Trainee: 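Just passing along the structure, written as structure tokens.
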Amino acid sequence: MIRFFIGIALWFSIQVAYAQNGKYLKLPAAKFSIGDASDWKAAAFNDNQWKDIKVGEVWQSQGYPDYHGYAWYRIHVTIPSSLKQSAVWGDSLRVFLAHVNDADETYLNGTLIGKTGAFPDDQGGYISKWPASRNYCVAAGSPAIKWDAENIIAIKVFDGGGSGGIFMGSPFIDMLEKSDGIAFNLSGIEFLPGSKAEQKLTVSNKFNTAIAGILHYQVIDELKDRVIEDKLIPASLPAYSGKAFTLAFPHREGIKLVYDFKEKASGKVKSFTEIAPYLLTPKEPLEPLINGAGVLGVHAGSPIIYKVPVSGQRPFKYSIQHLPAGISFDTQKGIITGSLPKNGSYTLNIKVSNRFGENRKAFIIKVGDKLALTPPMGWNSWNCWGLSVSDAKVKSSARAMIDKGLTDYGWNYINVDDGWQAAQRLNSGEIIPNEKFPDMKALGGQLHQEGLKFGIYSSPGAKTCGGFLGSFGHEAQDAMTYFNWGVDYLKYDLCSYSDNTAGDTTLYAQQKPYIVMRDELKKHQRDMVYSICQYGIHDVWKWGAEMNGSLWRTTEDITDTWESLYSIGFSQTNNATYAHPGGWNDPDMLIVGMVGWGENLHPTNLTPYEQYTHISLWSLLSAPLLIGCDMSKLDEFTLNLLKNREVIALDQDVSGKQAERLINDNGIQVWLKPLADGSKAVGVFNTGDKYKNYNLQFKQINLTKATVVRDVWKQKDITAAPLKNISFNIPPHGVRLLKIIGR
Ligand code: GAL
């Protein structure tokens, strides 16, 4: 026994010593126990019997697949005084714990050093704060720190559902330097005449002490590997202050902005690199253009609401021919309403004109058993507001969707994700919203008035992933409630339902909760798109359609990083044949714009190249397009990205085919999607970190000759002459998106 314990102690010290790198200590491992007890925070507590765990990976992947609730980590670490001695500022020790799913309270040798989120037992109840990164600081002179001796960092965690534990990063401790107080913020991109752009760079001092140093910034042409501009600006920043600088640079692809701040006393540098945003979608024409797929799937007898998406300068004059009995058209707002009692295909001819011209389009209403004949497009609250979603936030995004012209391109669902439910059902068992949503029915009604659709979220489990009430045992009542509120879309997220299936890995056990709700939704005369969210378990793409699912999540949650985008987007290789009009593979929502999964939002961490890749790949994959950002803060770049009618048309193509990967060659991937008009959409992606030149031989993608090759983002034909191949430079993590007519 004794030898065993020494072995463990040695293992820990080796880990820490090995991790020591310069002036910080990695914290890769801990002792771990599920549950909770008041003495587990104490340095003296004996955790010898506890299990070992890696810090930085959720506990579900480390032997606790179905556990949600309280758990503790105890990290043993010797903190050498050399860390303090080598620090220049020497003010505080920092304990960095990456992210914690979902709330934590952290102790150093029994002294509380930080808390993020709230536990169910706290006054006011549980608050998940997994998006926040944990940086807990302790004064260097604090008696809580035992220099040159073993310290215990004890972390009490509560996981409310989904994943649990310390994750999304590698925890460490170090001494803070003044340079750590420097933060950069780029804002207000302006695209100016003459292919110029400007952005405001604010350098701020987040600490309560003055910081002096030098701001260095460079504008680099990535393609030519050339520095265009190089500036050094001395700056001194009083405590808690900020200074703004204007950065000017060319407006085009391939411009990199590199800036850093060198703190005078320590010589430490805080640096940042940004790829300058650039617009590809051409300016919107003034004449009317009717966008959207031109096809709508509805059930016989269900109420129809459809706003005709039209871009161009308002006011418009609308008219419709061949309006079937039971359908009316609001010629002021351009909204089709009514219902059609019989199955069949009804073709309407829409005409829209303004003083610059007119546009006509056939629009088919298909009355039958399928909804979502093209992938749903809209907005969902999760990737921005997380559990802090509210009626006001939803309404402001709906307003922005209209005012910023997104509805003109077919974006129309407004989906409320987790966090709307009250803590208790009524005595009757009926679900009600919490205080953040005064009146769900009124919210739905208001959205419908504008021609928008209303989506909601629940779980088949007793609890949702965010710890709110789920539908378990109340499925019939909930379906009735959604019907009464005028819900058009239900995202049904597995979450704690897995508690009911523990150990039962049969397909039926996975399907059952979705069958129960499917059968309840069917009882109502309302078209509710059924979004199955269970992260792809048991190859859901093979049976999601049987559940009446219009879409099914194929992966775990996405976040706004290249790693997440890459691993989710580029792994959609084995499900293409299951996508079809009415049933779509869902690689999760969009991560462009201001995101954050909580109250504090930040601009997406994706570079502009990565964002073009994201939208291109999702369109090729016929993925549902649900914007996940605060739409009231949409900037010009993001709007330009989301309002390209030709890119959207690839996603909304009525053939409903999903792209397949035909080439995966040394960092280049080529995906091809056959389109209804016989042409092919082709994405040539560079997944590498540098610009790459690539020559695409059309025969490699089963085309011998191309007669027209169109750059879809620029909406411009590259050539009209017959071609056998094409070559281009593709930016790092970027794409060339083509539409090819050929044979
Ligand atoms: C996750 C789901 C997310 C979001 C969240 C809400 O499991 O994948 O998209 O809905 O739950 O708590």
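Computed from a prediction, not measured in an experiment: that's the story for all the values here. By convention here, the first residue in the shown sequence is residue 1. Ligands are counted one by one from 1 in listed order, and the atoms in each one are counted from 1 as well.
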Trainee: Report yes or no: does a heavy atom of Asp493 sit under 4.0 Å from some atom of ligand 1?
Mentor: yes

Trainee: Looking at Lys491, which atoms of ligand 1 are within less than 4.0 Å of one of its heavy atoms?
Mentor: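 Within the 4.0 Å cut-off of Lys491, ligand 1 contributes 3 (C), 4 (C), 9 (O), 10 (O).
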
Trainee: Between Arg134 and Asp104, does any side-chain N to carboxylate O distance fall below 4.0 Å?
Mentor: yes

Trainee: What class does the angle between the rings of Tyr492 and Tyr530 fall in, given that below 30° is parallel, 30 to 60° is tilted and above 60° is perpendicular?
Mentor: tilted

Trainee: Atoms of ligand 1 less than 4.0 Å from Trp382 heavy atoms?
Mentor: 3 (C), 4 (C), 5 (C), 6 (C), 9 (O), 12 (O)

Trainee: With sequence neighbours excluded, what pairs up with Asp122 under the salt bridge (Lys or Arg N to Asp or Glu O under 4.0 Å) test?
Mentor: Lys115

Trainee: Starting from atom 12 (O) of ligand 1, find the nearest protein heavy-atom neighbour and note its residue, name and distance.
Mentor: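 For atom 12 (O) of ligand 1, the nearest protein heavy atom is Asp418 OD2, 2.8 Å.
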
Trainee: Considering residues at least two apart in sequence or located in another chain, which fulfil the salt bridge (Lys or Arg N to Asp or Glu O under 4.0 Å) criterion with Asp504?
Mentor: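 Applying salt bridge (Lys or Arg N to Asp or Glu O under 4.0 Å) to Asp504 gives none.
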
Trainee: Taking N or O atoms only and a 3.5 Å limit, does Asp588 qualify as a polar contact for ligand 1?
Mentor: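 It does not: no N or O of Asp588 is found under 3.5 Å from an N or O of ligand 1.
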
Trainee: Can you check which of Gly160, Ser531, Cys465, Cys495 brings a heavy atom nearest to atom 7 (O) of ligand 1?
Mentor: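 Going through Gly160, Ser531, Cys465, Cys495 one by one, Cys465 has the nearest heavy atom to atom 7 (O) of ligand 1.
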
Trainee: Mark the output for Arg553 as yes if a heavy-atom distance to ligand 1 is under 4.0 Å, and as no if none is.
Mentor: yes

Trainee: Look at atom 10 (O) of ligand 1 and say which protein heavy atom is nearest, naming residue and atom and giving the distance to 0.1 Å.
Mentor: Asp417 OD1, 2.7 Å

Trainee: Does ligand 1 have an atom that lies less than 4.0 angstrom from a heavy atom of Phe468?
Mentor: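 No; Phe468 lies far enough from ligand 1 that no heavy-atom distance drops under 4.0 Å.
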
Trainee: Is the gap between the ring centers of Tyr126 and Phe468 under 6.0 Å?
Mentor: no

Trainee: Side chain to side chain contact (heavy atoms under 4.5 Å, CB included) between Phe685 and Leu620: does it pass, once the steps are laid out?
Mentor: CA-CA 12 Å; Phe685 297 92; Leu620 288 165; 3.8 Å; yes

Trainee: Can you tell me which residue and heavy atom of the protein come closest to atom 3 (C) of ligand 1, and the distance to 0.1 Å?
Mentor: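 For this ligand atom, the closest protein heavy atom is Asp557 OD2, 3.5 Å.
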
Trainee: Quick check for you: to the nearest 0.5 Å, what is the distance between Leu27 atom CG and Phe96 atom CZ?
Mentor: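 With rounding to 0.5 Å, CG (Leu27) is 10.5 Å from CZ (Phe96).
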
